[in-house]
Amino acid sequence: MQVLSSARRLSRVLRPSVLLNSDHRLLSPDIQILVSSNASHRHQWQHRNTFCSCSLCSSGNRLQTPRDMMYSMMTSKASFSSETTSSVEGTPTETVKELSDKILESVNVKRTMSPNSWTWSLIENCKNHEDIKILFSVLENLRRFRLSNLRIHDNFNCNLCREVTKACIRVGALDFAKRALWKHNMYGLTPSVGSAHHILLYAKDHKDTKLMVEVMTLLKVNGIPLQPGTADIVFRICYDTDDSELISKYAKRFVMAGVKLREPSFEIWMEFAAKIGDTESLWKIEKFRSESMKQHSLGTGFSCTKGFLLERKPEEAAAVIQILNQTMSDAKKPGIMVELQKLVNEWPFEVIKRQKQEDKKALATALKSDIPAMVAALLTAGLKVNFNLDDLAREEGALS
């Protein structure tokens with residue numbers, strides 16, 4: 001009877017068919033997952049190596065003298081909400097000044113378009129914040145020349161925008177990097193989610209949720225579609241900064257936008273729920289995951305294992321690990337022991353410290369009993385668990 005009960009519970013975990021609608025910490029109140037054609041919608045992105053692609057809407061560009069156009073942007077102040085992360089702006093490098101002079105002389109004096117290679121070289125040679133200022137001044141002049149003299153209304157292409165963004169991030173000029181995400185800008189840049197990903201990766205490396213929120217706002221304001229990769233980065237930032245409110249907020253946004261979440265996003269989302277002990281959200285995320293993925297990864301499988309332990313069901317927890325052992329490839333099976341070791345040595349402390357003070361003792365007592373019971377069930381089932389039971393004993397002492 002116990003085996004049948006475990007099988008039924010496990011079947012519900014692995015093959016759910018309900019809509020997502022939760023009022024818990026990781027799931028916003030009005031979030032709904034609708035099974036429709038939108039669920040499989042994917043945004044396609046084209047990458048071209050020419051300068052022209054998307055259209056630019058702009059107005060109010062008066063013609064200036066060559067000297068005015070050369071220095072207007074070099075002396076302007078950044079007018080964006082957040083401040084640059086570059087602590088020392090420095091002075092322009094000689095290479096950047098030489099390239100800038102050549103490009104501006106070409107378009108403002110000789111009235112001919114400069115070679116594209118000069119612009120790419122200018123981007124590559126930016127070393128500090130002052131170099132980036134010069135770069136954006138050059139881009140503004142190039143855009144103006146293309147518009148007024150060549151009658152080219154198209155922006156530069158997405159590849160250029162990405163490289164400009166990478167250069168800004170490389171020198172810490174985040175104020176300029178965020179300008180590359182504006183749909184209507186004076187620099188002829190074509191914003192894309194690829195450029196946003198470069199800034200988000202910087203935010204991830206620095207655990208900067210403020211920067212992440214700013215980038216996500218810019219994506220929304222400028223109508224830049226989200227991608228599965230965006231969710232991977234955003235979820236990781238929320239996980240690393242332990243921010244359940246933000247992961248809930250952006251999970252809702254990705255789902256409502258019809259973004260098809262990938263395995264890494266589900267792993268992070270479910271692991272976060274297991275880490276804070278939110279089992280109700282965990283099971284709802286698992287039901288959502290099962291709609292698009294038939295099998296568990298190690299990460300999602302062990303999150304379910306932790307969920308069963310939190311519900312005091314060690315036999316069901318062991319059953320999930322058995323299924324992972326049966327379905328994982330031989331190359332991935334060693335990871336089961338690694339995850340099991342982390343479940344015993346690390347996870348109990350993580351989940352207990354996040355509980356209310358009055359609930360910590362009861363959870364510690366339950367885990368002291370249920371984790372050894374889960375391991376015993378694995379051994380009884382014949383699973384070769386290379387596991388040091390002394391670690392369990394030390395864990396029990398630490399939880400006491």
Are any side-chain N or O atoms of Ser248 and backbone N or O atoms of Ser244, one a donor and one an acceptor, separated by less than 3.5 Å?
-> no
Using a 4.5 Å cut-off on heavy atoms from C-beta on, say whether the side chain of Leu367 contacts that of Trp347.
-> yes
In Å and rounded to the nearest 0.5 Å, what is the NZ to CG distance from Lys332 to Leu324?
-> 11.0 Å
With no hydrogens and no angle check, do the side chains of Thr209 and Asp243 hold a donor and an acceptor under 3.5 Å apart?
-> no
Just by distance, do the side chain of Glu350 and the backbone of Glu346 share a donor-acceptor pair under 3.5 Å?
-> no
Between Arg143 and Met186, is there a donor-acceptor pair closer than 3.5 Å when you use the side chain of the first and the backbone of the second?
-> yes
By side chain to side chain contact (heavy atoms under 4.5 Å, CB included) - contacts of Gln295 (at least two apart) | Thr327
Residues passing the ring pair (Phe, Tyr, Trp, His ring centres under 6.0 Å) test with Tyr239, sequence neighbours excluded, are Phe272
Which atoms form the tightest heavy-atom contact between Ala180 and Thr165, and what is the distance?
-> CB-OG1, 3.5 Å
Taking atom types as modelled, find out whether Ser265 and Asp232 have a side-chain donor-acceptor pair closer than 3.5 angstrom.
-> yes
Separation between OG1 of Thr365 and NZ of Lys361, rounded to the nearest 0.5 Å = 6.5 Å
Student check: side-chain heavy atoms of Leu246 and Thr241 closer than 4.5 Å | no
Can you tell me how far the CD1 atom of Ile237 sits from the NE2 atom of His206, to the nearest 0.5 Å?
-> 11.5 Å
Residues two or more places apart in sequence or in another chain: which of them pass ring pair (Phe, Tyr, Trp, His ring centres under 6.0 Å) with Phe302?
-> none
Paired with Val221, the side-chain contact (heavy atoms from CB on, under 4.5 Å) test is passed by just one of Leu219, Ile224, Thr217, namely Thr217
Would you mind checking if Arg312 and Asp370 are paired as a salt bridge, meaning a charged N to carboxylate O distance below 4.0 Å?
-> yes
Aromatic contact, Phe254 with Trp269 (centres under 6.0 Å) = no
Does Phe266 reach the side chain of Phe288, with side-chain heavy atoms less than 4.5 Å apart?
-> yes
Would Met293 and Leu282 show up in the same hydrophobic cluster when neighbours are defined by side-chain heavy atoms closer than 4.5 Å?
-> yes
Test of ring centre spacing under 6.0 Å for His198 and Tyr202 | no
Identify whether NZ of Lys or CZ of Arg in Lys102 sits under 6.0 Å from the centre of the six-membered ring of Trp118 and within 45° of that ring's axis.
-> yes
Between the main-chain N or O of Ala366 and the side-chain N or O of Ser369, is there a donor-acceptor pair closer than 3.5 Å?
-> no
Those residues that, when tested against Tyr250, pass ring pair (Phe, Tyr, Trp, His ring centres under 6.0 Å) (two or more places apart) = none
Calculate, to the nearest 0.5 Å, the distance between atoms OG and CZ belonging to Ser106 and Arg111 respectively.
-> 10.0 Å
So Asp330 and Lys333, salt bridge (Lys or Arg N to Asp or Glu O under 4.0 Å) or not? Walk me through it.
-> CA-CA 5 Å; Asp330 291 338; Lys333 282 185 179 180; 3.8 Å; yes
Where do Met270 and Cys304 come nearest, in terms of heavy atoms and distance?
-> CE-SG, 3.8 Å
Under 3.5 Å, side chain of Ser121 to main-chain N/O of Ser117, donor-acceptor pair present?
-> no
With the side chain counted from C-beta on, respond yes when Asn125 and Thr93 share a heavy-atom pair under 4.5 Å apart, and no when they do not.
-> no
To the nearest 0.5 Å, tell me how far Lys204 NZ sits from Leu201 CG.
-> 6.0 Å
Under 3.5 Å, side chain of Asn141 to main-chain N/O of Ser137, donor-acceptor pair present?
-> yes
Can you list the residues that meet the side chain to side chain contact (heavy atoms under 4.5 Å, CB included) rule with Lys220, with sequence neighbours excluded?
-> Arg253
Within a strict 4.5 Å, meaning less than it, do heavy atoms of the Leu298 and Ile336 side chains meet?
-> yes
Using a distance-only test with no angle check, is there a side-chain donor-acceptor pair under 3.5 angstrom linking Asn185 and Arg179?
-> no
Does His129 use its side chain to pair, donor to acceptor, with the backbone of Val171 at less than 3.5 Å?
-> no
Does Ser303 reach the side chain of Glu286, with side-chain heavy atoms less than 4.5 Å apart?
-> no
Determine, using the 4.5 Å side-chain heavy-atom cutoff (strictly less than), whether Val338 and Ile321 are members of one ILVMFWY cluster.
-> no
Lys97 and Asp131: CA distance, side-chain angles, deciding distance, salt bridge (Lys or Arg N to Asp or Glu O under 4.0 Å) verdict = CA-CA 8 Å; Lys97 288 193 293 184; Asp131 288 346; over 6 Å; no
Contact list for residues 164-173, test salt bridge (charged side-chain N to carboxylate O under 4.0 Å, His left out), sequence neighbours left out = Glu163-Lys166
Student check: side-chain heavy atoms of Gln355 and Ile276 closer than 4.5 Å | no
Is there a donor-acceptor contact under 3.5 Å from the side chain of Asp278 to the main chain of Ala273?
-> no
Flag the pair Arg144 and Glu140 as a salt bridge only when some basic side-chain nitrogen lies within less than 4.0 angstrom of an acidic carboxylate oxygen.
-> yes
Nearest-0.5 Å distance that lies between atom NZ in Lys306 and atom OG1 in Thr279 = 14.0 Å
Check for a donor-acceptor pair, side chain of Arg289 on one end and backbone N or O of Ile285 on the other, with a separation under 3.5 Å.
-> no
Is there side-chain contact between Leu135 and Phe176, with heavy atoms separated by less than 4.5 Å?
-> no
